[in-house]
Amino acid sequence: MGKKVNILSYLYCIGLAIVAIGFCCPMFKLGPIESNGFKFINFENSGFVTIGALLIFVGAIAGIVAQFVKQLSGLKLIFLLVSIAGGIILVVGFLTNGGIYKAIGKGFIKHAVVGFYLVIAGWVVALIGAFKK
């Protein structure tokens, strides 16, 4: 009949799609202000926060593209690691910058909302999919 589709082979792509969706959802809430990942991208005062936010999203999108482009399939793990490194850089940016970033950084998990947890869950699913043979 038809070819059987193994869902485990798509875990990597599903995980990075969850990261991209989580980036678009509200990630942090400080009082009445909710901010998704795009609110952290500021090219006028670019710093750790901007670089980290860009790496999270660009790494996730590049990883999804690499799943379907055969020539890029060897770079899938690198794109996932770039996205995770972006998250680490974002946290460092929160802790070193002033203003609202410093307030988020002090109570990091306390201010996290659904988008933050989706990004973390997406990284875990993508890592499982990357190492699943």
Side-chain angles (χ1 to χ4, degrees):
M1 292 269 181
K3 186 177 176 184
K4 286 175 66 174
V5 176
N6 186 1
I7 191 70
L8 292 177
S9 65
Y10 290 105
L11 272 180
Y12 173 83
C13 189
I14 292 169
L16 288 180
I18 292 171
V19 170
I21 291 169
F23 190 82
C24 297
C25 293
M27 294 178 73
F28 297 102
K29 182 176 181 178
L30 189 62
I33 301 170
E34 286 186 350
S35 55
N36 63 9
F38 293 110
K39 299 250 178 160
F40 300 125
I41 299 173
N42 181 2
F43 291 114
E44 292 174 10
N45 299 330
S46 89
F48 281 119
V49 174
T50 300
I51 293 168
L54 282 172
L55 287 177
I56 292 171
F57 190 68
V58 170
I61 297 300
I64 293 170
V65 170
Q67 177 74 24
F68 299 106
V69 177
K70 190 171 187 132
Q71 292 84 0
L72 297 176
S73 64
L75 299 174
K76 290 188 334 185
L77 185 60
I78 292 173
F79 292 138
L80 175 59
L81 293 176
V82 164
S83 181
I84 293 171
I88 293 168
I89 292 170
L90 187 71
V91 170
V92 169
F94 281 156
L95 296 175
T96 58
N97 286 343
I100 193 165
Y101 299 129
K102 189 75 163 182
I104 291 173
K106 283 185 178 179
F108 190 68
I109 298 297
K110 198 168 49 172
H111 300 295
V113 291
V114 68
F116 173 80
Y117 296 114
L118 282 174
V119 168
I120 300 297
W123 284 337
V124 170
V125 171
L127 278 170
I128 291 169
F131 291 111
K132 180 71 180 156
K133 298 289 180 194

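For this chain, numbers begin at 1 and follow the sequence in order.
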Engineer: Kindly give the heavy-atom pair with the smallest separation between Ala20 and Ile61, and that separation in Å.
Structural biologist: CB-CD1, 4.1 Å

Engineer: When the side chains of residues 78-89 are checked against the rest of the protein, which donor-acceptor pairs come out under 3.5 Å, sequence neighbours left out?
Structural biologist:
unit_1	atom_1	unit_2	atom_2	d
Ser83	OG	Ile56	O	3.1
Ser83	OG	Trp123	NE1	3.0

Engineer: Report the residues that fulfil side-chain contact (heavy atoms from CB on, under 4.5 Å) with Val124, sequence neighbours left out, ordered by chain and then residue number.
Structural biologist: Ile128

Engineer: With sequence neighbours excluded, tell me which residues meet ring pair (Phe, Tyr, Trp, His ring centres under 6.0 Å) with Phe23.
Structural biologist: Phe38, Phe57

Engineer: Just jot down the side-chain contact (heavy atoms from CB on, under 4.5 Å) partners of Val58, sequence neighbours excluded, or say none.
Structural biologist: none

Engineer: Can you tell me how far OH of Tyr117 sits from CE of Met27, rounded to the nearest 0.5 angstrom?
Structural biologist: 11.0 Å

Engineer: Nearest 0.5 Å please: distance from the CD1 atom of Ile51 over to the CG atom of Leu90.
Structural biologist: 11.0 Å

Engineer: Does any pair with a residue in residues 60-70 pass side-chain hydrogen bond (donor to acceptor under 3.5 Å, both in side chains), and if so which ones, sequence neighbours excluded?
Structural biologist: Gln67-Lys76

Engineer: Looking only at atom types and distance, does a side-chain atom of Thr50 sit under 3.5 Å from a main-chain N or O of Asn42, one as donor and one as acceptor?
Structural biologist: yes

Engineer: Check the pair Ile41 / Leu54 against side-chain contact (heavy atoms from CB on, under 4.5 Å), numbers first and verdict last.
Structural biologist: CA-CA 7 Å; Ile41 299 173; Leu54 282 172; 3.7 Å; yes

Engineer: Look up atom SG in Cys25 and atom CZ in Phe116, then write down how far apart they are to the nearest 0.5 Å.
Structural biologist: 14.0 Å

Engineer: Of all residues at least two apart in sequence or in a different chain, which pass the side-chain contact (heavy atoms from CB on, under 4.5 Å) check with Ile14?
Structural biologist: Ile7, Tyr10, Ile18

Engineer: Please report the closest heavy-atom contact between Val113 and Pro26, naming both atoms and the distance.
Structural biologist: CG2-O, 3.1 Å

Engineer: Same hydrophobic cluster for Leu72 and Val19, using side-chain heavy-atom links shorter than 4.5 Å among ILVMFWY?
Structural biologist: yes

Engineer: Look up atom CD1 in Ile64 and atom OH in Tyr12, then write down how far apart they are to the nearest 0.5 Å.
Structural biologist: 8.5 Å

Engineer: For Ala112 and Phe28, which heavy atoms make the closest approach, and how far apart are they?
Structural biologist: CA-CD2, 3.8 Å

Engineer: Do you know which two heavy atoms are closest between Ala53 and Gly37, and how far apart they sit?
Structural biologist: CB-O, 3.9 Å

